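Just below is one structure, and these are the notes that go with it.
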Amino acid sequence: MTTLSGAFFGVIHRDLSIAMRHRGDLLNPLFFFLIVVTLVPLGISPEPARLAAMAPGMIWISALLATLLALDNLFQADFADGSLVQMMLSPQPLWLLVLAKIIAHWLVSGLPVVLFAPLLGLMLSLPQAGFLPLLLGLVLGTAVFSLIGAVGAALTVALHKGSVLLSLVVMPLYVPVLIFGSSAVQRAVDGMSYGGVLAILAAVSAFTLLVAPFAAAGALKVGING
Amino acid sequence: MSSQPLLEFQALTFERDDWPLFSDLSGAIKAGEILQITGPNGCGKSTLLHILATIEPLNIGTLRWLGEDIAKCRQQYLADVAFIGHQAGLKSALSPRENLQWLSKLHPLSRCTSAAALARIGLAGFEDVPCYTLSAGQLRRAALATLCMTQARLWLLDEPLTALDVQGIADLEALLLAHVENGGAVVLSSHQPLANPAVRTLALDAMAEAAL
């Protein structure tokens, strides 16, 4: 018989091994993230004071766009080759398999962005005080991006060229995360306390973690039939 | 063999874009039976299989598994159903062995090992090559290898003969025969007649003509 944990880790393992074999897809969002932040000093001004003022927002915006880039493929490839149907026909609950896919997606697209953020903070001369809230905020924020994005990706899975619609669906829901995330960094840089802002971000991510797998599983059941 | 049908469907009606695909379709599949759905392209064979697999929601009609409404026992039903659609459900970046291994995490595929299943279906020697290097027929065989492994009693197969060569078709027919002799049941859609005495056919085109 199949088991809950077997199915859960089976899906994570599968998605990670596929990601390791398609390294181009894996690196694409990360390169995007790196390139945007590298171009900012060239396009605007290499002056540290001006860069530092923009750094929190710039890093957050490019992190948001980088995860949005990777979102399209979350369910699309599985839908095209029929493995999504096999997941839906598993006796194991679909929300669990969806959660496994979201976790794998975050490990592949969100985590690298988090890990590279300090380097980009240095490049944009982000003041020292901003690094910790940037890291903590991005860990929570990119998780929310993956969770909310999964709902959008599930809704648009059977649509051809659904990526435009996907961006429109998820973007309004990403905005609060962006506002709280970058303001946490800004507050830390300005010497104010940022705990409250991060706590709100943590609450948002806990809430989406509870709701999004169910919503995405429900959306898949609707979305798969066009 | 018990007389209780495994799967019953009553008064199924399905419309797509206001166009009736079939209406008031009833039938039952007992253990030991093979039901072949025939009909021209676009007459709703795949849709019917999707409805039976509970992928497509039921508009009008009832589905019963062992006499119980499927909405109430979907979990048990899914544990006893093997579905193979047009898309084989294999990841092209993974090898046939890896594909079977992760599928066996989702479905009860424990009758034999993936290596034995691949050998039986004629893919010995291709266990560890990525699926994107396989031909269409070999991919189809890799998907059908799950049938060697599954413990499900009801098989729902959408055009399983597509891309198979003569030997592949013979292998599949042997698999089907062994399955129904063990008390399983098969619903499949195909345009080709099957060389199997247990086959009953359900012609959807006759339904469509009657509806018009």
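We use all heavy atoms of the structure for the numbers below, so side chains are in, but hydrogens, waters and symmetry mates are not. Residue numbering restarts at 1 for every chain, and letters A, B, ... go by the order of the sequence lines. Owing to the predicted nature of the structure, the values given are computational and were not obtained by experimental measurement.
- Expressed to the nearest 0.5 Å, how far NZ of B/K105 lies from CZ of A/F8 amounts to 13.5 Å.
- Residue A/F131 places its CZ atom among more than 12 non-hydrogen atoms of other residues, nucleotides or ligands, all under 6.0 Å distant.
- The shortest distance between side-chain heavy atoms of B/W102 and A/M87 falls below 4.5 Å.
- Across A/G82, A/A77, A/P93, the residue that shares the most heavy-atom pairs under 4.5 angstrom with chain B is A/G82.
- Within a 6.0 Å sphere centred on NE2 of A/H22, other residues, nucleotides and ligands contribute more than 12 heavy atoms.
- Contact of B/L94 with chain A is made through backbone and side chain together, with heavy-atom distances under 4.5 Å.
- Note: A/L89 leads A/L97, A/L89, A/V85, A/D78 in heavy-atom pairs under 4.5 Å with chain B.
- Crowding of B/F83 atom CZ: a count of heavy atoms from other residues, nucleotides or ligands under 6.0 Å exceeding 12.
- Proximity to chain A (any heavy atom under 4.5 Å) is shown, for B/A53, by both the backbone and the side chain.
- Using a 4.5 Å heavy-atom cutoff, the side chains of A/P91 and B/H107 are in contact.
- One finds the CG atom of B/L106 at 8.0 Å from the CD atom of A/Q86 (value rounded to the nearest 0.5 Å).
- Once rounded to the nearest 0.5 Å, the distance linking CZ of A/R14 with CG of B/N99 reads 8.5 Å.
- Heavy-atom pairs under 4.5 Å with chain A peak, among B/S92, B/A93, B/P57, at B/A93.
- Looking at A/S83, its side chain never comes within 3.5 Å of a backbone N or O of B/G89 through a donor-acceptor pair.
- Using a 4.5 Å cut-off between heavy atoms, B/L103 touches chain A through its side chain atoms alone.
- Considering only residues two or more places apart in sequence or on other chains, A/F75 meets the ring-ring contact (aromatic ring centres under 6.0 Å, His included) condition with none of them.
- By number of non-hydrogen pairs under 4.5 angstrom with chain A, the leading residue of B/E98, B/Q75, B/K91, B/Q101 is B/K91.
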